[in-house]
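If you read the sequence from its start, that first residue is 1, and numbering goes on from there.
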Amino acid sequence: MASMANRANPLLNNLPHFLTWRALGFRTICSGRMGFSSQSQRQLDPESPVAGTKVLETFKEEFEIGDRLITLESGKIARFANGAVVLGMEETKVLSTVAAAKGDAVRDFLPLTVDYQEKQFAQGVIPNTFMRREGAPKERELLCGRIIDRPIRPLFPAGFYHEVQVTASVLSSDGKQDPDVLAANATSAALMLSDIPWAGPIGVIRIGRISGQFIVNPTMDELSLSDLNLVYACTRDKTLMIDVQAREISEKDLEAGLRLAHPEAVKYIEPQIKLAAKAGKHKKEYKLSMMPDRTLEKVGKLAEAPIEAVFTDPTYGKFERGEALENITQDVKKVLEEECDEESLRLLPKAVDTVRKKVVRRRIIAEGFRLDGRRLDEVRPLYCEAGNLPMLHGSSLFNRGDTQVLCTVTLGAPGDAQRLESIVGPPTKRFMLHYSFPPFCINEVGKRGGLNRREVGHGTLAEKALLAVLPPEDDFPYTVRINSEVMASDGSTSMATVCGGSMALMDAGIPLREHVAGVSVGLVSEVDQSTGSIKDYRILTDILGLEDHLGDMDFKIAGTQRGITAIQLDIKPAGIPLDIICESLEPARKGRIQILDHMEREISVPRTQDDRNSPRLATLKYSNDALRRLLGPLGALKRKIEDETGARISVSDGTLTIVAKNQSVMEKVLEKVDFILGREIEIGGIYKGRVSSIKEYGAFVEFNGGQQGLLHISELSHEPVSRVSDVVSIGQQLSLICIGQDVRGNIKLSLKATLPRPRSETNNVVEESVSSTKEAPSIWASAGDLSSNGQQNQSSISEAVGINASTSSPPILIRSAAECDEEEKSAALVQSSKATSRPVCASETDHKRITFHQDSSVLAKPGLLQSINDKMSKSFSQKEGDKTEVRSPVTAKTLKIGTKVTAKVYQIRTGGLVLDLGGGIRGMYRFETNGKNDFEVDDELRVVCVSFSSKGIPVMSLEDDE
């Protein structure tokens with residue numbers, strides 16, 4: 001606007017500043033009106049209100065663990081929360097907040113809720129959902145919530161039943177560090193700052209191992225190379241939680257890792273104490289729901305003796321024992337009702353449970369007897385069955401005592417892998433284990449809902465245990481899903497899932513390195529009330545459900561014969577000494593070995609699938625151009641095949657994976673794929689095609705995929721053919737054998753090679769199946785073997801060599817370069833060559849590569865063929881450079897015309913010898929007229945290969961006869 005005013009009146013440029021619009025307090029002219037300028041453009045009035053600057057008092061602690069700088073910060077974010085801490089490691093920052101409900105608690109348990117959130121903004125990504133926002137918690141978020149919940153829950157005081165909620169949110173992530181451990185430490189610090197009573201702080205650390213060296217706080221890249229992923233939580237002197245995924249680590253190495261992790265985790269504790277001293281609140285006096293001593297004493301007098309009688313009878317099963325305890329509770333209830341003791345009636349279920357716990361623990365420690373009469377280190381009776389559902393890819397049934405689990409395996413294409421949307425870790429997961437705990441397995445009525453934290457945790461534990469023995473993705477690229485259905489539960493169904501899943505994988509034919517089994521170890525301890533230390537304890541192997549409920553820990557350990565693959569430790573008291581934890585590893589190993597022995601007796605190697613009704617998988621290699629043709633526009637052609645057949649097709653770089661319900665479906669899919677893409681034509685293979693056109697010199701045959709080959713008139717029949725149309729017609733479907741391909745890829749076909757040979761009893765060509773691999777290279781016959789004199793000798797020797805006459809190939813002429821030159825000089829052969837293709841001769845400079853050619857007009861003259869064969873033999877004998885001395889054991893690849901070997905006489909026939917050339921190869925030698933014929937079995941002869949018979953048998957000649 002100033003420039004417009006200057007152009008309207010140039011004198012305005014010379015006005016002093018105090019006469020300008022801004023100096024008088026006006027805004028510049030806009031839309032023909034004037035306005036006052038804002039206060040920011042003028043000198044402010046000292047009496048007008050001014051917005052002050054808010055000061056956020058921030059408290060911060062910095063420390064190092066390993067080579068990582070860690071910060072604890074409070075006071076800037078979430079100031080209204082009871083406790084809020086931001087923990088940062090490099091560029092990864094996690095906010096953890098805690099809050100407690102107001103009022104008195106009306107429950108008899110601690111309603112602790114832990115919510116862990118990984119929103120996509122933390123890595124600068126918009127969610128790839130329809131609503132473009134995060135939905136229900138993902139499996140990883142539930143698992144990270146359990147990592148936080150398990151170590152903090154035992155440290156709340158007894159009787160504290162107020163609702164507590166922990167919310168951990170990832171604010172930013174650089175993808176280098178897994179935020180779960182950071183969130184657990186931030187939660188501990190937030191609880192320390194709050195007014196909630198809690199016996200913390202705790203420290204949580206992750207330990208890895210690469211090439212035998214332990215690493216503290218490993219990055220995600222280091223974890224991908226590590227054979228150990230150990231998450232360890234503890235107080236200053238006791239262990240709270242252990243979570244392990246390993247690749248068959250020994251108990252000794254694991255103990256070393258645990259003892260390293262404890263002092264590293266303790267380094268988190270002191271900074272939390274310092275931060276709480278600066279910014280922490282005074283702990284509030286919450287009302288604790290404690291059991292009155294009078295009620296506990298009264299219920300104990302009435303119920304202790306009957307409860308002890310039930311627990312000393314090992315004949316009780318799970319439900320019989322539960323029914324007997326319920327009857328005892330009802331008897332005590334009647335007595336209390338007669339006495340009108342309302343307070344004891346209200347607390348009766350918890351009081352009976354306390355008495356029951358006291359009786360069981362005292363009996364185990366004092367007498368060493370368990371509920372079912374087993375020894376402390378005894379495993380329950382086992383039952384293993386693999387393949388109980390033969391229609392599935394793999395299945396198994398596993399029983400340990402009354403615990404029963406049914407596991408099934410389903411194989412899928414690589415495209416069926418689960419897509420993950422985590423801010424760290426791989427984008428997909430090809431191995432999944434889904435654990436299900438239906439209500440009927442404990443004879444209860446319940447409602448099936450969505451994701452359950454307990455089911456997700458148990459399934460992930462079993463998944464980590466089995467992942468260590470799966471074959472590499474390069475060797476076994478398929479997607480694998482295990483479904484574990486708990487049929488009956490009486491303790492440690494997750495470890496039963498490991499055992500059942502391992503057997504089901506082998507039943508599915510997956511090449512596992514070895515079986516994986518798991519067992520749960522428990523602890524019953526006696527604590528000195530004055531000091532809080534453990535006076536006495538007992539370690540229990542393979543605990544029951546009630547022993548888990550009444551004991552101090554549930555230590556689940558899974559592994560193979562060679563080492564541990566997964567661990568999960570949950571405890572009830574406020575910590576257990578690490579020495580007791582390490583002592584529990586050996587009983588777990590012994591129990592695991594017993595279970596593995598039973599599993600290996602049921603199935604010890606991957607099963608082969610021979611049933612046509614079992615599902616099928618196939619992996620085929622094609623060019624990317626061919627795969628694009630198969631997909632069609634926007635994948636329409638691929639979806640059409642899937643809809644018509646019910647199979648599932650997955651396409652990756654150069655690989656086509658097909659998953660079919662059974663063999664018949666697989667054959668339909670392969671037929672459709674072959675029709676679209678065609679099949680690679682190989683010499684010697686038999687293929688079906690239709691005659692597309694007929695010419696004077698032959699017929700063109702079209703295969704699936706648009707491939708075409710030439711069926712020459714000479715290859716129509718063993719008998720002479722004057723017209724092609726007399727033998728084949730357009731549209732006729734034929735089974736043809738490929739006899740050659742030129743450098744341009746033109747395919748040469750033969751019909752007569754698939755037909756019975758004249759004057760031959762059984763000379764049929766056996767057609768290989770569609771799914772067969774590359775056929776062995778055919779050894780074509782030489783012309784000299786077609787003589788009438790040698791026919792009888794050849795058939796007799798063929799029986800000794802072991803070659804079936806039904807698989808013989810049509811006679812093929814082999815010519816050297818010298819013979820081709822001599823043939824071209826012959827007028828008779830030149831005339832005959834006008835009706836046939838020109839023979840292809842072997843290069844004189846490269847005698848290892850010989851091209852074969854079939855010529856019906858030449859083969860019709862056995863005398864000429866015999867002479868050509870004799871000349872060819874002389875040609876090879878005259879050139880010393882053409883002969884190859886084979887010193888190593890002869891093979892089908894190294895044996896060729898001119899090869900010298902030392903052979904043994906295997907059999908003596910009327911017309912010649914059967915020779916053992918070594919390497920499982922036998923040849924024949926015909927007796928020469930007036931030649932030597934006094935041979936003995938096992939005589940050693942120096943012979944040279946001069947030709948091959950029509951059956952592919954090497955024809956040898958004595959080295960002295962050359």
Side-chain angles (χ1 to χ4, degrees), residues 136-147 149-150 243-245 384 386 388-389 392-412 416-418 420 429-442 444 446-470 479-505 507-508 510 515-520 542-543 545 548 554-559 565-570 595 599:
K138 298 183 287 290
E139 284 191 12
R140 171 176 163 78
E141 292 177 325
L142 297 179
L143 294 172
C144 292
R146 285 172 56 87
I147 290 289
D149 183 299
R150 287 158 53 195
D243 196 276
V244 173
Q245 179 180 357
C384 304
N388 55 308
L389 299 173
L392 305 183
H393 286 202
S395 60
S396 69
L397 189 66
F398 180 82
N399 280 65
R400 186 179 59 241
D402 290 334
T403 297
Q404 184 183 66
V405 172
L406 173 66
C407 290
T408 61
V409 171
T410 306
L411 303 180
D416 294 329
Q418 181 182 0
L420 305 177
K429 184 170 69 171
R430 71 182 185 99
F431 176 61
M432 300 161 282
L433 193 150
H434 296 155
Y435 169 96
S436 179
F437 192 89
F440 67 79
C441 70
I442 52 176
E444 290 185 358
K447 183 179 180 181
R448 299 296 296 164
L451 286 178
N452 181 281
R453 290 175 182 260
R454 179 181 179 276
E455 292 182 344
V456 171
H458 282 39
T460 302
L461 174 62
E463 180 181 299
K464 292 190 294 187
L466 295 171
L467 191 61
V469 297
L470 283 180
T479 300
V480 182
R481 183 193 183 209
I482 297 180
N483 274 86
S484 173
E485 304 291 332
V486 180
M487 299 288 106
S489 174
D490 190 15
S492 191
T493 54
S494 61
M495 294 296 96
T497 295
V498 174
C499 303
S502 181
M503 292 193 298
L505 289 172
D507 183 59
I510 298 176
H515 268 310
V516 182
V519 67
S520 185
D542 185 21
I543 57 176
D548 180 13
D554 182 9
F555 195 15
K556 302 181 178 71
I557 306 174
T565 59
I567 281 180
Q568 179 177 296
L569 171 65
D570 296 322
I595 300 172
M599 293 167 58

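Counting all heavy atoms, side chain and backbone alike, Cys384 lies closest to Met503 at CB-SD, 3.7 Å.
Residues meeting the salt bridge (Lys or Arg N to Asp or Glu O under 4.0 Å) test with Glu455, sequence neighbours left out: Arg448. Annotation: side-chain contact (heavy atoms from CB on, under 4.5 Å) contacts of Ala504 (sequence neighbours excluded): Ser396, Cys407, Val409. Contacts of Arg453 classified as salt bridge (Lys or Arg N to Asp or Glu O under 4.0 Å), with partners at least two apart in sequence or in another chain: Asp115. Taking Asp402 as the reference, nothing meets the salt bridge (Lys or Arg N to Asp or Glu O under 4.0 Å) condition, with sequence neighbours excluded. Applying the salt bridge (Lys or Arg N to Asp or Glu O under 4.0 Å) rule to Arg150 yields the partners Asp243, Asp570; only residues at least two apart in sequence or on another chain are considered. Taking His515 as the reference, Ser502 meet the side-chain hydrogen bond (donor to acceptor under 3.5 Å, both in side chains) condition, with sequence neighbours excluded. Residues satisfying the side-chain hydrogen bond (donor to acceptor under 3.5 Å, both in side chains) test with Thr460, not counting sequence neighbours, are none. Looking at residues two or more places apart in sequence or on another chain, you find a side-chain contact (heavy atoms from CB on, under 4.5 Å) between Ser489 and Phe437, Cys441, Ile442, Val486, Thr493. Residues satisfying the side-chain hydrogen bond (donor to acceptor under 3.5 Å, both in side chains) test with Asn452, not counting sequence neighbours, are none. By the side-chain contact (heavy atoms from CB on, under 4.5 Å) test, Ala417 is found to be paired with Thr428, Arg430, Thr479, residues two or more places apart in sequence or in another chain being considered.
The main-chain N or O of Asn388 is found under 3.5 Å from a side-chain atom of Ser395 such that the two form a donor-acceptor pair. In this structure, Ser494 contributes its side chain and His458 its backbone to no donor-acceptor pair below 3.5 Å. Side-chain atoms of Glu463 come within 3.5 Å of backbone atoms of Leu433 as a donor-acceptor pair (strictly under, hydrogens ignored). Not a single donor-acceptor pair under 3.5 Å links the side chain of His434 to the backbone N or O of Asn483.
Within the model, atoms CG of Leu142 and CD1 of Ile147 stand 12.5 Å from one another, a figure rounded to the nearest 0.5 Å. With rounding to the nearest 0.5 angstrom, the CE atom of Met495 is 7.0 Å from the NZ atom of Lys556. Interatomic distance, Cys499 SG to Phe398 CZ, rounded to the nearest 0.5 Å: 4.0 Å. Put simply, CG on Leu397 and CG on Leu406 are 6.0 Å apart, with the number rounded to the nearest 0.5 Å.
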Would you please test Tyr435 and Ile482 for side-chain contact (heavy atoms from CB on, under 4.5 Å) and show each step? CA-CA 8 Å; Tyr435 169 96; Ile482 297 180; over 6 Å; no
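Sorted by first then second residue, the side chain to side chain donor-acceptor pair (under 3.5 Å) pairs that include residues 403-412, not counting sequence neighbours, are Asn399-Gln404. Applying the salt bridge (charged side-chain N to carboxylate O under 4.0 Å, His left out) test to every pair with at least one member in residues 480-501, sequence neighbours left out, gives no pairs at all.
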